[in-house]
Protein chains: 2
Amino acid sequence: MKTTVGVPLDIVGYLKGMKIKPSLIRVKVLDYLIHKRNHPTADMIFKALAGEIPTLSKTSVYNTLKSFVLAGVAQEIKIENTEVRYDVFTNVHGHFKCTVCGSVEDLKLDAYNITSDDLEGKKITEHHVYVLGFCSNCNKKKNKKNI
Amino acid sequence: MKTTVGVPLDIVGYLKGMKIKPSLIRVKVLDYLIHKRNHPTADMIFKALAGEIPTLSKTSVYNTLKSFVLAGVAQEIKIENTEVRYDVFTNVHGHFKCTVCGSVEDLKLDAYNITSDDLEGKKITEHHVYVLGFCSNCNKKKNKKNI
DNA sequence: GTTATAAATTGTAATGATTACAAAAATGAA
DNA sequence: TTCATTTTTGTAATCATTACAATTTATAAC
Ligand SMILES: [Mn+2]
Ligand SMILES: [Mn+2]
Ligand SMILES: [Zn+2]
Ligand SMILES: [Zn+2]
(Lines give C-alpha, C1' and ligand atoms only; values in the text may rest on other atoms or scores of the structure.)
(Ligands and ions follow the chains in the order given, each with its own letter.)
Protein backbone atom coordinates (compact mmCIF):
# COMPACT_ATOMS: atom_id res chain seq x y z
CA MET A 1 0.00 0.00 0.00
CA LYS A 2 1.19 3.52 -0.80
CA THR A 3 2.04 5.49 2.30
CA THR A 4 4.03 8.44 3.58
CA VAL A 5 5.58 7.98 7.01
CA GLY A 6 3.20 5.11 7.64
CA VAL A 7 0.14 7.12 6.65
CA PRO A 8 -2.14 5.39 4.18
CA LEU A 9 -2.97 7.80 1.38
CA ASP A 10 -5.86 5.78 0.02
CA ILE A 11 -8.14 5.65 3.03
CA VAL A 12 -10.94 3.75 1.30
CA GLY A 13 -8.55 1.11 0.01
CA TYR A 14 -6.83 0.88 3.34
CA LEU A 15 -10.11 0.26 5.18
CA LYS A 16 -11.12 -2.36 2.64
CA GLY A 17 -7.80 -4.10 3.15
CA MET A 18 -8.49 -4.14 6.87
CA LYS A 19 -11.89 -5.74 6.26
CA ILE A 20 -13.80 -2.62 7.28
CA LYS A 21 -16.49 -1.41 4.93
CA PRO A 22 -15.60 2.20 4.10
CA SER A 23 -18.77 4.04 5.03
CA LEU A 24 -18.75 7.83 4.97
CA ILE A 25 -18.37 8.10 8.72
CA ARG A 26 -15.58 5.56 8.91
CA VAL A 27 -13.66 7.25 6.13
CA LYS A 28 -14.07 10.68 7.71
CA VAL A 29 -12.99 9.45 11.15
CA LEU A 30 -9.90 7.72 9.79
CA ASP A 31 -9.09 10.73 7.67
CA TYR A 32 -9.32 12.92 10.74
CA LEU A 33 -7.08 10.65 12.78
CA ILE A 34 -4.47 10.42 10.06
CA HIS A 35 -4.26 14.06 9.13
CA LYS A 36 -4.74 15.72 12.50
CA ARG A 37 -2.33 13.44 14.37
CA ASN A 38 -3.57 14.97 17.62
CA HIS A 39 -4.58 11.85 19.56
CA PRO A 40 -8.17 13.04 19.88
CA THR A 41 -10.93 11.88 22.17
CA ALA A 42 -14.17 10.53 20.69
CA ASP A 43 -15.76 13.84 21.57
CA MET A 44 -13.12 15.86 19.73
CA ILE A 45 -13.74 13.78 16.62
CA PHE A 46 -17.49 14.15 16.99
CA LYS A 47 -17.29 17.94 17.32
CA ALA A 48 -14.93 18.18 14.36
CA LEU A 49 -17.11 16.11 12.01
CA ALA A 50 -20.56 17.20 13.17
CA GLY A 51 -20.35 20.15 10.78
CA GLU A 52 -19.84 18.17 7.59
CA ILE A 53 -22.04 15.27 8.71
CA PRO A 54 -25.02 17.00 10.32
CA THR A 55 -26.76 13.75 11.22
CA LEU A 56 -23.70 12.31 12.94
CA SER A 57 -24.26 10.78 16.35
CA LYS A 58 -21.66 10.35 19.05
CA THR A 59 -22.55 6.66 19.26
CA SER A 60 -21.42 6.27 15.66
CA VAL A 61 -18.07 7.77 16.50
CA TYR A 62 -17.71 5.34 19.38
CA ASN A 63 -18.81 2.43 17.17
CA THR A 64 -16.35 3.42 14.50
CA LEU A 65 -13.45 3.75 16.92
CA LYS A 66 -14.28 0.42 18.51
CA SER A 67 -14.19 -1.30 15.12
CA PHE A 68 -10.89 0.41 14.33
CA VAL A 69 -9.34 -0.84 17.55
CA LEU A 70 -10.67 -4.34 16.97
CA ALA A 71 -9.23 -4.41 13.47
CA GLY A 72 -5.88 -2.98 14.53
CA VAL A 73 -6.41 0.24 12.60
CA ALA A 74 -6.17 2.38 15.73
CA GLN A 75 -5.15 2.01 19.33
CA GLU A 76 -6.49 3.44 22.56
CA ILE A 77 -4.23 5.73 24.55
CA LYS A 78 -5.04 5.84 28.24
CA ILE A 79 -3.26 8.51 30.20
CA GLU A 80 -6.00 10.16 32.21
CA ASN A 81 -8.81 8.08 33.60
CA THR A 82 -11.29 10.69 32.42
CA GLU A 83 -10.74 10.17 28.71
CA VAL A 84 -9.59 7.69 26.11
CA ARG A 85 -7.61 9.03 23.21
CA TYR A 86 -7.12 7.40 19.82
CA ASP A 87 -4.05 6.94 17.70
CA VAL A 88 -3.74 5.49 14.20
CA PHE A 89 -0.07 4.83 14.45
CA THR A 90 0.28 1.42 15.98
CA ASN A 91 4.05 1.12 15.81
CA VAL A 92 5.83 1.25 19.16
CA HIS A 93 6.13 4.76 20.52
CA GLY A 94 5.37 6.63 23.71
CA HIS A 95 3.31 9.70 24.42
CA PHE A 96 3.75 13.02 26.10
CA LYS A 97 0.84 14.88 27.64
CA CYS A 98 1.02 18.50 28.70
CA THR A 99 -0.59 18.93 32.09
CA VAL A 100 -1.34 22.57 31.29
CA CYS A 101 -2.93 22.66 27.82
CA GLY A 102 -3.76 18.94 27.58
CA SER A 103 -2.08 18.37 24.23
CA VAL A 104 -0.77 14.89 23.51
CA GLU A 105 2.30 14.35 21.32
CA ASP A 106 4.17 11.33 20.05
CA LEU A 107 7.42 10.30 21.64
CA LYS A 108 9.91 8.42 19.54
CA LEU A 109 11.64 6.04 21.88
CA ASP A 110 15.23 5.95 20.63
CA ALA A 111 16.57 3.68 23.31
CA TYR A 112 13.68 1.91 24.81
CA ASN A 113 13.81 -1.40 26.55
CA ILE A 114 12.18 -2.84 29.60
CA THR A 115 14.22 -5.46 31.30
CA SER A 116 12.94 -6.86 34.52
CA ASP A 117 13.24 -10.09 36.43
CA ASP A 118 9.63 -9.50 37.37
CA LEU A 119 8.55 -10.48 33.84
CA GLU A 120 9.64 -14.08 34.41
CA GLY A 121 6.82 -16.47 33.50
CA LYS A 122 4.57 -13.78 32.11
CA LYS A 123 3.37 -13.29 28.57
CA ILE A 124 3.51 -9.67 27.45
CA THR A 125 0.98 -8.47 24.89
CA GLU A 126 1.32 -4.68 25.10
CA HIS A 127 3.59 -2.12 26.66
CA HIS A 128 2.95 1.55 27.13
CA VAL A 129 5.08 4.52 28.03
CA TYR A 130 3.87 7.98 28.73
CA VAL A 131 5.33 11.11 30.16
CA LEU A 132 3.67 14.11 31.78
CA GLY A 133 4.94 17.64 31.95
CA PHE A 134 4.94 21.04 30.27
CA CYS A 135 4.97 21.21 26.49
CA SER A 136 7.34 23.63 24.77
CA ASN A 137 4.70 26.35 24.53
CA CYS A 138 3.47 26.09 28.10
CA ASN A 139 7.04 25.79 29.38
CA LYS A 140 8.02 29.05 27.67
CA LYS A 141 5.03 30.87 29.12
CA LYS A 142 5.83 29.54 32.57
CA ASN A 143 9.44 30.70 32.37
CA LYS A 144 8.38 34.22 31.31
CA LYS A 145 6.18 34.51 34.39
CA ASN A 146 9.03 33.50 36.68
CA ILE A 147 11.55 36.05 35.33
CA MET B 1 12.54 6.84 59.77
CA LYS B 2 12.73 3.09 60.35
CA THR B 3 11.73 1.13 57.27
CA THR B 4 12.08 -2.24 55.57
CA VAL B 5 12.34 -2.14 51.79
CA GLY B 6 10.94 1.38 51.87
CA VAL B 7 7.96 0.43 53.99
CA PRO B 8 7.43 2.65 57.03
CA LEU B 9 6.91 0.49 60.11
CA ASP B 10 5.52 3.28 62.25
CA ILE B 11 2.52 4.34 60.25
CA VAL B 12 1.29 6.94 62.71
CA GLY B 13 4.71 8.55 62.92
CA TYR B 14 5.11 8.42 59.17
CA LEU B 15 1.80 10.20 58.58
CA LYS B 16 2.68 12.87 61.15
CA GLY B 17 5.98 13.41 59.37
CA MET B 18 4.06 13.91 56.14
CA LYS B 19 1.82 16.50 57.83
CA ILE B 20 -1.23 14.26 57.74
CA LYS B 21 -3.15 13.86 60.98
CA PRO B 22 -3.25 10.10 61.65
CA SER B 23 -6.96 9.48 62.02
CA LEU B 24 -8.17 5.90 62.31
CA ILE B 25 -9.28 5.76 58.69
CA ARG B 26 -6.06 7.22 57.37
CA VAL B 27 -3.94 4.83 59.39
CA LYS B 28 -6.00 1.84 58.28
CA VAL B 29 -5.88 2.85 54.62
CA LEU B 30 -2.14 3.38 54.68
CA ASP B 31 -1.64 0.14 56.57
CA TYR B 32 -3.69 -1.66 53.94
CA LEU B 33 -1.70 -0.12 51.08
CA ILE B 34 1.63 -0.95 52.67
CA HIS B 35 0.96 -4.50 53.69
CA LYS B 36 -1.21 -5.70 50.82
CA ARG B 37 0.97 -4.23 48.07
CA ASN B 38 -1.79 -5.06 45.61
CA HIS B 39 -2.33 -1.66 43.95
CA PRO B 40 -5.98 -1.57 45.01
CA THR B 41 -8.82 0.57 43.76
CA ALA B 42 -10.68 2.82 46.20
CA ASP B 43 -13.48 0.29 46.16
CA MET B 44 -11.17 -2.60 47.07
CA ILE B 45 -9.93 -0.64 50.06
CA PHE B 46 -13.46 0.28 51.06
CA LYS B 47 -14.65 -3.33 50.94
CA ALA B 48 -11.61 -4.53 52.88
CA LEU B 49 -12.00 -2.00 55.69
CA ALA B 50 -15.78 -1.82 55.92
CA GLY B 51 -15.73 -4.81 58.27
CA GLU B 52 -13.48 -3.32 60.92
CA ILE B 53 -14.84 0.22 60.47
CA PRO B 54 -18.59 -0.33 60.13
CA THR B 55 -19.38 3.36 59.71
CA LEU B 56 -16.84 3.82 56.93
CA SER B 57 -18.04 5.66 53.84
CA LYS B 58 -16.59 5.38 50.40
CA THR B 59 -16.23 9.16 50.28
CA SER B 60 -13.80 8.93 53.21
CA VAL B 61 -11.68 6.46 51.32
CA TYR B 62 -11.59 8.81 48.35
CA ASN B 63 -10.80 11.77 50.61
CA THR B 64 -8.02 9.86 52.30
CA LEU B 65 -6.47 8.73 49.04
CA LYS B 66 -6.65 12.24 47.65
CA SER B 67 -4.81 13.62 50.67
CA PHE B 68 -2.19 10.88 50.34
CA VAL B 69 -1.57 11.73 46.71
CA LEU B 70 -1.38 15.44 47.50
CA ALA B 71 1.15 14.81 50.25
CA GLY B 72 3.22 12.41 48.15
CA VAL B 73 2.39 9.44 50.36
CA ALA B 74 0.79 7.54 47.48
CA GLN B 75 0.51 7.77 43.73
CA GLU B 76 -2.28 7.08 41.30
CA ILE B 77 -1.78 4.28 38.79
CA LYS B 78 -3.84 4.69 35.64
CA ILE B 79 -3.86 1.69 33.35
CA GLU B 80 -7.52 1.16 32.55
CA ASN B 81 -9.77 4.15 32.17
CA THR B 82 -12.40 2.43 34.29
CA GLU B 83 -10.40 2.50 37.51
CA VAL B 84 -7.65 4.29 39.36
CA ARG B 85 -5.32 2.20 41.45
CA TYR B 86 -3.16 3.38 44.32
CA ASP B 87 0.43 2.67 45.19
CA VAL B 88 2.42 3.71 48.25
CA PHE B 89 5.77 3.12 46.68
CA THR B 90 6.66 6.30 44.92
CA ASN B 91 10.11 5.33 43.71
CA VAL B 92 10.44 4.83 39.96
CA HIS B 93 9.04 1.52 38.80
CA GLY B 94 6.62 0.21 36.23
CA HIS B 95 3.55 -1.95 36.47
CA PHE B 96 2.24 -5.11 34.96
CA LYS B 97 -1.47 -5.80 34.67
CA CYS B 98 -2.88 -9.21 33.85
CA THR B 99 -5.65 -8.87 31.29
CA VAL B 100 -7.22 -12.11 32.53
CA CYS B 101 -7.40 -11.88 36.33
CA GLY B 102 -6.82 -8.14 36.63
CA SER B 103 -3.96 -8.36 39.12
CA VAL B 104 -1.41 -5.56 39.11
CA GLU B 105 2.22 -6.19 40.02
CA ASP B 106 5.31 -4.05 40.35
CA LEU B 107 7.92 -4.06 37.66
CA LYS B 108 11.46 -3.23 38.62
CA LEU B 109 12.96 -1.39 35.71
CA ASP B 110 16.58 -2.51 35.65
CA ALA B 111 17.66 -0.50 32.69
CA TYR B 112 15.10 2.12 32.07
CA ASN B 113 15.61 5.32 30.23
CA ILE B 114 13.60 7.32 27.81
CA THR B 115 15.64 9.24 25.32
CA SER B 116 13.85 11.12 22.62
CA ASP B 117 14.49 14.17 20.52
CA ASP B 118 10.80 14.86 20.95
CA LEU B 119 11.43 15.90 24.56
CA GLU B 120 13.38 18.99 23.43
CA GLY B 121 12.01 22.13 25.12
CA LYS B 122 9.64 20.23 27.39
CA LYS B 123 9.72 19.95 31.14
CA ILE B 124 9.04 16.42 32.37
CA THR B 125 7.35 15.97 35.72
CA GLU B 126 6.33 12.29 35.66
CA HIS B 127 6.90 9.24 33.56
CA HIS B 128 4.97 6.03 33.57
CA VAL B 129 5.53 2.57 32.17
CA TYR B 130 3.06 -0.24 32.16
CA VAL B 131 2.80 -3.59 30.51
CA LEU B 132 -0.21 -5.76 29.77
CA GLY B 133 -0.32 -9.51 29.37
CA PHE B 134 -0.85 -12.81 31.15
CA CYS B 135 0.48 -13.20 34.68
CA SER B 136 2.36 -16.39 35.59
CA ASN B 137 -0.75 -18.09 36.90
CA CYS B 138 -3.02 -17.22 34.00
CA ASN B 139 -0.27 -18.02 31.53
CA LYS B 140 0.14 -21.52 32.96
CA LYS B 141 -3.60 -22.14 32.79
CA LYS B 142 -3.68 -20.93 29.20
CA ASN B 143 -0.84 -23.25 28.19
CA LYS B 144 -2.56 -26.25 29.76
CA LYS B 145 -5.66 -25.60 27.68
CA ASN B 146 -3.65 -25.45 24.46
CA ILE B 147 -1.81 -28.74 24.99
C1' DG C 1 -38.33 -1.01 -9.57
C1' DT C 2 -39.83 -3.69 -5.81
C1' DT C 3 -38.83 -6.61 -2.00
C1' DA C 4 -36.30 -8.74 1.43
C1' DT C 5 -32.28 -9.10 4.35
C1' DA C 6 -28.31 -7.42 6.50
C1' DA C 7 -25.52 -3.60 7.96
C1' DA C 8 -24.97 1.00 9.56
C1' DT C 9 -26.58 4.83 12.06
C1' DT C 10 -29.19 7.14 15.44
C1' DG C 11 -31.43 8.57 19.94
C1' DT C 12 -32.22 7.60 24.45
C1' DA C 13 -31.51 5.31 28.65
C1' DA C 14 -28.35 2.98 31.72
C1' DT C 15 -23.89 2.36 33.89
C1' DG C 16 -20.41 3.24 37.14
C1' DA C 17 -16.46 5.48 39.01
C1' DT C 18 -15.54 9.75 40.83
C1' DT C 19 -16.68 14.37 42.69
C1' DA C 20 -19.48 18.06 44.93
C1' DC C 21 -21.55 19.50 48.73
C1' DA C 22 -23.83 20.13 52.94
C1' DA C 23 -25.01 17.96 57.35
C1' DA C 24 -23.40 15.36 61.32
C1' DA C 25 -19.82 13.76 64.30
C1' DA C 26 -15.41 14.01 66.40
C1' DT C 27 -11.45 16.57 67.96
C1' DG C 28 -8.96 19.76 70.65
C1' DA C 29 -7.68 24.07 72.50
C1' DA C 30 -9.40 27.86 75.61
C1' DT D 1 -18.13 23.24 78.93
C1' DT D 2 -17.85 25.91 74.70
C1' DC D 3 -16.63 27.08 70.36
C1' DA D 4 -14.08 26.59 66.22
C1' DT D 5 -11.82 23.41 63.24
C1' DT D 6 -11.31 19.06 61.18
C1' DT D 7 -13.04 14.73 59.87
C1' DT D 8 -16.50 11.78 58.35
C1' DT D 9 -20.74 10.70 56.28
C1' DG D 10 -24.78 10.37 52.97
C1' DT D 11 -26.78 11.87 49.00
C1' DA D 12 -26.93 14.00 44.67
C1' DA D 13 -24.51 15.39 40.56
C1' DT D 14 -21.19 14.63 36.86
C1' DC D 15 -19.67 12.76 32.76
C1' DA D 16 -17.47 9.54 29.57
C1' DT D 17 -18.76 5.37 27.87
C1' DT D 18 -21.95 1.49 26.87
C1' DA D 19 -26.40 -0.95 26.01
C1' DC D 20 -30.05 -1.39 23.29
C1' DA D 21 -33.90 -0.86 20.39
C1' DA D 22 -35.65 1.82 16.52
C1' DT D 23 -34.72 3.87 12.18
C1' DT D 24 -32.30 4.48 8.09
C1' DT D 25 -29.31 2.93 4.46
C1' DA D 26 -27.00 -0.40 1.54
C1' DT D 27 -27.02 -4.68 -1.06
C1' DA D 28 -28.70 -8.33 -3.71
C1' DA D 29 -32.45 -11.19 -5.53
C1' DC D 30 -36.41 -11.19 -8.07
MN1 LIG E 1 0.89 8.39 19.09
MN1 LIG F 1 3.74 -0.26 42.23
ZN1 LIG G 1 0.97 22.72 26.89
ZN1 LIG H 1 -3.67 -13.31 35.81
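When reading the values below, keep in mind they use all heavy atoms of this one structure, side chains included, and skip hydrogens, waters and symmetry mates. Just so it is clear: chains get the letters A, B, ... in the order the sequence lines come, proteins before strands, and each one is counted from 1.
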Quick check for you: name the first and last nucleotides of DNA chain C, 5' to 3', having an atom under 4.0 Å from a heavy atom of chain A. C:dA7 to C:dT18
With the side chain counted from C-beta on, respond yes when [X] and [Y] share a heavy-atom pair under 4.5 Å apart, and no when they do not.
X: A:K97; Y: A:E80; result: yes
X: A:F134; Y: A:K141; result: no
X: A:Y86; Y: A:V29; result: no
X: B:M44; Y: B:T41; result: yes

Closer than 3.5 angstrom, by distance alone: can the side chain of A:S103 be matched with the main-chain N or O of A:C98 as a donor-acceptor pair? no
Side chain B:H93, main chain B:D106, donor-acceptor under 3.5 Å: no
For the CG atom of A:L24 and the CD atom of A:E52, what is their distance to the nearest 0.5 Å? 8.0 Å
Specify the residues of residues 19-28 of chain B, ordered by number, for which at least one heavy atom lies under 4.0 angstrom from an atom of DNA chain D. B:K21, B:S23, B:I25, B:R26
Should the pair A:Y130 and B:H128 be assigned to parallel (<30°), tilted (30 to 60°) or perpendicular (>60°) ring geometry? parallel
side-chain contact (heavy atoms from CB on, under 4.5 Å) partner of B:L33, chosen from B:N38, B:I45, B:D87: B:I45
Check nucleotides 12-18 of chain D against the protein and report each pair of N or O atoms closer than 3.5 Å, with its distance, or say if there are none.
residue, atom, partner, partner atom, Å
D:dT17, OP1, A:V84, N, 2.8
D:dT17, OP2, A:Y62, OH, 2.5
D:dT17, O5', A:Y62, OH, 3.3

